[in-house]
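Worksheet for the structure shown next.
Every value quoted in this text rests on a predicted model; they were computed, and no experiment measured them. Below, each value reflects all heavy atoms present in this structure, side chains not excepted, and no hydrogens, waters or symmetry copies.
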Amino acid sequence: MPETVPHVVFRGVSKTFDGVTNVVADLDLEVGKGEFVTFLGPSGSGKTTCLNMLAGFVAVSSGTILVHGRSVEQVPPRKRGIGMVFQNYALFPHLTVAGNLSFPLEVRGVGEARRKKLVARALEQVRLQGFEDRRPSRLSGGQQQRVAIARALVFEPDLVLMDEPLGALDRRLREELQYEIRGLQRRLGITCIYVTHDQQEAMVLSDRVAVFRAGRLEQVDTPEGLYEEPQRSFVARFVGENNRIPGVVEELDRGLCTVRAGSGRIRALRVVPDAVGQPTTVSIRPERIGFAVAPGSYRNEFSARVEDVTFLGDHLRVTLSVFAKRDMVLTIPNTVGHGGVLPGDEVRIGWAATDCRALDCEDDGP
């Protein structure tokens with residue numbers, strides 16, 4: 001398990017390239033020693049800029065970054081002791097696999113005998129023993145990325161940064177390498193900060209996920225926490241499929257609230273709203289919605305019309321019209337009898353009050 005001692009600290013970090021617009025704004029974040037933290041967000045959200053500031057490739061505009069309790073702003077990249085893995089592999093095409101792995105060791109003045117041992121160990125870690133004399137052009141995409149990972153590990157750093165390292169690979173290989181990276185990180189006990197826009201990848205890999213939007217940190221939590229307890233509409237929308245129902249708060253009752261949504265009234269957990277009349281977005285996951293087999297099956301229960309049914313192997317995705325909203329989605333397991341749900345059917349659907357969350361008013365921005 002990761003230790004609680006902070007390995008990396010971003011303290012009030014901001015970055016502007018034009019002196020006017022912050023691409024990263026007031027970032028406060030701690031990464032524990034041995035922790036795997038993923039920076040997740042859409043393109044342009046600032047996650048890669050944060051990684052580059054930590055690596056030393058981009059200067060901090062304000063704030064400070066600490067590694068092992070010491071500021072690194074004045075330390076050049078090559079002396080920060082950080083391993084880096086990039087999406088495009090960044091291998092030297094004229095060098096063999098062994099040559100690519102030896103290069104960072106030579107730069108650090110490691111002797112030849114020690115270099116050979118470290119290269120052999122790194123190749124063993126990524127399951128590429130026997131590939132020492134091959135050039136990158138003779139390797140598959142997955143093998144090249146394994147070499148890139150081995151090169152980041154060969155000088156035995158305790159902090160590794162990965163910037164969309166699997167983005168160029170096909171889906172099957174990407175999924176395979178996700179589990180390899182996670183297993184390797186756990187075995188070695190290194191701290192890893194990983195950048196991706198793929199929420200499934202973030203869920204598989206991470207101890208915690210930091211969700212970025214427009215240069216700001218929206219929420220940091222475990223994968224389960226982000227999915228089950230989003231604090232913002234953007235997080236609910238970005239992490240997993242989610243139904244968003246706009247409405248206005250009619251009543252507040254301790255931890256719950258009542259929201260008027262079109263012709264319906266929804267009882268929901270009160271996460272953001274603090275006043276009657278406040279606009280809100282109710283968030284409900286598709287798998288938390290069910291068909292009401294009898295009146296009163298759910299606290300929230302409504303009439304709906306089935307618009308479409310999509311077969312997705314182990315489950316069905318049912319699109320519904322409800323509250324004049326034509327894109328409500330529920331999912332049901334693919335079991336015997338699912339043919340009873342057909343487009344055009346009038347049905348009753350429902351969900352528990354504790355399964356939906358009243359969040360901030362969704363602006364549908366990036």
Side-chain angles (χ1 to χ4, degrees), residues 199 224-273 276-364:
Q199 58 95 10
E224 182 179 359
L226 285 180
Y227 188 86
E228 299 290 354
E229 299 180 352
Q231 300 300 307
R232 305 281 296 174
S233 289
F234 173 79
V235 175
R237 170 163 60 94
F238 197 77
V239 179
E241 190 168 19
N242 177 65
N243 291 294
R244 294 167 290 150
I245 307 168
V248 176
V249 177
E250 279 195 343
E251 179 184 328
L252 299 177
D253 179 17
R254 298 183 181 180
L256 298 173
C257 63
T258 302
V259 176
R260 170 68 67 178
S263 60
R265 298 173 79 243
I266 302 172
R267 195 73 167 155
L269 284 173
R270 179 163 65 96
V271 179
V272 172
V276 171
Q278 186 174 353
T280 185
T281 301
V282 176
S283 165
I284 175 73
R285 299 291 184 186
E287 69 273 14
R288 298 301 172 88
I289 304 173
F291 291 110
V293 295
S297 298
Y298 297 99
R299 177 61 180 82
N300 296 297
E301 196 170 301
F302 310 97
S303 296
R305 175 184 171 86
V306 177
E307 297 292 338
D308 191 25
V309 179
T310 305
F311 176 77
L312 293 171
D314 62 344
H315 71 279
L316 300 172
R317 186 177 187 272
V318 182
T319 306
L320 305 150
S321 290
V322 62
F323 313 128
K325 180 179 174 63
R326 298 179 61 85
D327 59 353
M328 193 82 161
V329 174
L330 70 81
T331 57
I332 55 176
N334 176 21
T335 56
V336 176
H338 67 69
V341 182
L342 299 171
D345 286 352
E346 299 292 335
V347 296
R348 293 284 291 177
I349 63 168
W351 59 87
T354 52
D355 280 338
C356 61
R357 301 169 68 79
L359 303 173
D360 54 299
C361 187
E362 178 74 85
D363 60 14
D364 286 323

Practice prompt. For D327, enumerate each residue passing the salt bridge (Lys or Arg N to Asp or Glu O under 4.0 Å) test, keeping only those at least two apart in sequence or located in another chain.
Written response: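 Once residues adjacent in sequence are excluded, the partners of D327 under the salt bridge (Lys or Arg N to Asp or Glu O under 4.0 Å) criterion are K325.
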
Item to complete: Would you please test T354 and R299 for side chain to side chain contact (heavy atoms under 4.5 Å, CB included) and show each step?
Response: CA-CA 9 Å; T354 52; R299 177 61 180 82; over 6 Å; no

Output the distance between atom [atom1] ([X]) and atom [atom2] ([Y]), rounded to the nearest 0.5 Å.
X	Y	atom1	atom2	value
W351	S297	CH2	OG	13.5 Å
I245	M328	CD1	CE	3.5 Å
I349	R305	CD1	CZ	14.0 Å
L359	T281	CG	OG1	7.0 Å
L320	F302	CG	CZ	12.5 Å
C257	R357	SG	CZ	11.0 Å

Discussion item. According to side-chain hydrogen bond (donor to acceptor under 3.5 Å, both in side chains), who are the partners of R267, at least two apart in sequence or on a separate chain?
Written reply: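 Only D253, T258 meet the side-chain hydrogen bond (donor to acceptor under 3.5 Å, both in side chains) criterion with R267.
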
Worksheet item: Who pairs with T280 by side-chain hydrogen bond (donor to acceptor under 3.5 Å, both in side chains), at least two apart in sequence or on another chain?
Response: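 By the side-chain hydrogen bond (donor to acceptor under 3.5 Å, both in side chains) rule, T280 matches no residue at all.
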
For the student: nearest non-hydrogen atoms of [X] and [Y], plus distance:
X	Y	result
C356	N300	SG-ND2, 4.1 Å
P230	V271	O-CG1, 4.3 Å
A268	V282	CB-CG1, 4.5 Å
V322	S303	CG2-O, 3.4 Å
V318	V341	CG1-CG1, 4.3 Å

Is [X] reaching over with its side chain to a backbone N or O of [Y], donor-acceptor style, under 3.5 angstrom?
X	Y	answer
E250	V248	no
D360	R232	no
E301	G350	no
N334	G313	yes
R285	E241	yes
R270	A358	no

Worksheet item: So V306 and L342, side chain to side chain contact (heavy atoms under 4.5 Å, CB included) or not? Walk me through it.
Response: CA-CA 7 Å; V306 177; L342 299 171; over 6 Å; no

Fill in: Verdict with supporting geometry, F238 and L226, side chain to side chain contact (heavy atoms under 4.5 Å, CB included)
CA-CA 10 Å; F238 197 77; L226 285 180; over 6 Å; no

Discussion item. Under a 4.0 Å threshold between the charged nitrogen and the carboxylate oxygen, would R288 count as salt-bridged to E228?
Written reply: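 Here E228 pairs with R288 in a salt bridge, since their nearest N and O are under 4.0 Å apart.
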
Worksheet item: Do T319 and R317 touch side chain to side chain, with heavy atoms closer than 4.5 Å?
Response: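 Touching, per the 4.5 Å side-chain cut-off.
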
Discussion item. If you define the side chain from C-beta out and look only at heavy atoms, does anything of L256 sit under 4.5 Å from L269?
Written reply: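 Side chain of L256 against side chain of L269, heavy atoms only: contact under 4.5 Å found.
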
Discussion item. Counting only heavy atoms from other residues, nucleotides and ligands, does the tally under 6.0 Å from CD of E346 exceed 12?
Written reply: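 Atom CD in E346 is crowded, with more than 12 foreign heavy atoms closer than 6.0 Å.
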
Worksheet item: Side chains of S283 and R244: do they bring a donor and an acceptor to under 3.5 Å?
Response: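 R244 and S283 do not have a side-chain donor-acceptor pair below 3.5 Å.
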
Fill in: Derivation of the side chain to side chain contact (heavy atoms under 4.5 Å, CB included) call for N243 and I289
CA-CA 10 Å; N243 291 294; I289 304 173; 3.5 Å; yes

Discussion item. Would T331 and E287 count as a side-chain hydrogen bond (donor to acceptor under 3.5 Å, both in side chains) here? Give the steps.
Written reply: CA-CA 5 Å; T331 57; E287 69 273 14; 4.6 Å; no

